[in-house]
Amino acid sequence: GAVVSQHPSWVICKSGTSVKIECRSLDFQATTMFWYRQFPKQSLMLMATSNEGSKATYEQGVEKDKFLINHASLTLSTLTVTSAHPEDSSFYICSARLTGHLTEAFFGQGTRLTVV
Amino acid sequence: AQKVTQAQTEISVVEKEDVTLDCVYETRDTTYYLFWYKQPPSGELVFLIRRNSFDEQNEISGRYSWNFQKSTSSFNFTITASQVVDSAVYFCALSEADDKIIFGKGTRLHILP
């Protein structure tokens, strides 16, 4: 099946720094990718929808200036957490859907971010 | 707006017992998709099933089975003869035409040896 690779799997950064997380669809093209955040023992909350070649659509309550999303190609979307703070520590998961196959969705393995 | 409710926050059963995880959804679309995912402690989401709104047939895959009932907006998941390896968090999810997958809060399942 289709594979979505997320990198890094985990990252520890200092408060105030920025962290970039990559999401790649390895064997298919994805015009749309989604970014989720999951706090411990909670559900996956959709942060934003990333569309190739256009601006991301953010869910209500998600700061677009803090969580920068870039979807420069059909196989790569990046999420940058800017000026990270301890409360941004979370598990971030991306999802990619096959172009032209609106029902299929594949998830990356997730990135565990710890801000100290 | 779409919504998924998993009323069972946590369930514990003894190994070999059957267990059913409930899922109730809300949507105004006539075309939608329902999913179940398993999330083991590693965090990675494991896809279990996808069902579109026009297919109400129940499905069985090994020890797993799903009961989709549009009349009650439910998509329940049953594990028969549970095993310790089934211990995980299980998420029910819904996708409408905008392709966003919205998750329920999940049910944490403990299978006791």
Side-chain angles (χ1 to χ4, degrees), chain A residues 1-11 21 23 30-52 56-60 62 71 77 89-114, chain B residues 1-11 21 23-25 27 29-55 61 68 75 87-110:
Chain A
V3 177
V4 174
S5 177
Q6 203 171 325
H7 179 80
S9 298
W10 59 271
V11 58
I21 301 170
C23 179
T31 53
T32 305
M33 291 187 177
F34 303 90
W35 287 94
Y36 293 83
R37 178 170 55 184
Q38 184 182 31
F39 291 110
K41 296 192 176 184
Q42 294 190 23
S43 184
L44 285 80
M45 299 303 297
L46 181 65
M47 298 174 67
T49 301
S50 168
N51 297 297
E52 186 266 338
T57 302
Y58 290 81
E59 295 298 303
Q60 192 173 7
V62 178
H71 194 160
S77 175
S89 298
S90 186
F91 192 58
Y92 293 87
I93 305 177
C94 71
S95 170
R97 301 197 84 152
L98 289 166
T99 301
H101 293 75
L102 300 179
T103 64
E104 296 285 352
F106 302 93
F107 286 83
Q109 71 270 38
T111 297
R112 194 165 300 282
L113 170 64
T114 302
Chain B
Q2 60 200 102
K3 183 179 178 181
V4 177
T5 301
Q6 294 180 256
Q8 304 151 307
T9 303
E10 203 157 345
I11 300 175
L21 309 182
C23 174
V24 175
Y25 63 92
T27 177
D29 283 9
T30 54
T31 301
Y32 53 89
Y33 298 88
L34 295 164
F35 304 79
W36 274 96
Y37 289 90
K38 174 182 181 180
Q39 188 177 44
S42 64
E44 188 168 352
L45 283 178
V46 178
F47 169 80
L48 297 178
I49 190 172
R50 181 189 76 250
R51 176 54 53 85
N52 74 60
S53 52
F54 300 106
D55 182 4
S61 177
F68 177 26
F75 187 42
S87 298
V89 181
Y90 291 85
F91 290 100
C92 180
L94 168 69
S95 174
E96 295 175 337
D98 61 3
D99 299 336
K100 296 188 292 188
I101 297 180
I102 301 300
F103 289 81
K105 292 187 175 181
T107 297
R108 186 172 298 273
L109 178 63
H110 301 279

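Chain identifiers are assigned alphabetically (A, B, ...) following the order of the sequence lines, protein sequences preceding nucleic acid strands; residue numbering begins at 1 within each chain.
- Listed here is the closest heavy atom pair of B:Lys100 and A:Arg97: N-NH1, 4.2 Å.
- Chain A forms more heavy-atom pairs under 4.5 Å with one residue of B:Val89, B:Leu45, B:Asn52 than with any other, namely B:Leu45.
- Listed by chain and number, the residues in a side-chain hydrogen bond (donor to acceptor under 3.5 Å, both in side chains) with A:Glu52 amount to none (sequence neighbours excluded).
- Inter-residue side-chain proximity for A:Phe107 and B:Gln39 is flagged as unmet; no heavy-atom pair is nearer than 4.5 Å.
- Looking at B:Gln6, neither its backbone nor its side chain comes within 4.5 Å of chain A, counting heavy atoms on both sides.
- Looking at every heavy atom in both residues, A:Gln42 comes nearest to B:Phe91 through O-CZ, 4.0 Å.
- Heavy atoms of other residues, nucleotides or ligands lying less than 6.0 angstrom from NZ of B:Lys105 number 12 at most.
- Contacts between B:Phe47 and chain A at a heavy-atom distance below 4.5 Å are absent for every atom of the residue.
- Within the model, atoms CD1 of B:Ile102 and OH of A:Tyr36 stand 6.0 Å from one another, a figure rounded to the nearest 0.5 Å.
- Put simply, the side chain of A:Phe34 does not reach to within 4.5 Å of the side chain of B:Ile101, judged on heavy atoms.
- For A:Leu46, the part lying near chain B is the side chain, with the backbone staying farther off; criterion is any non-hydrogen pair under 4.5 Å.
- Neither the backbone nor the side chain of A:Gln6 comes within less than 4.5 Å of any heavy atom of chain B.
- Under a 3.5 Å cut-off, the side chain of A:Ser43 and the backbone N or O of B:Gly106 do not form any donor-acceptor pair.
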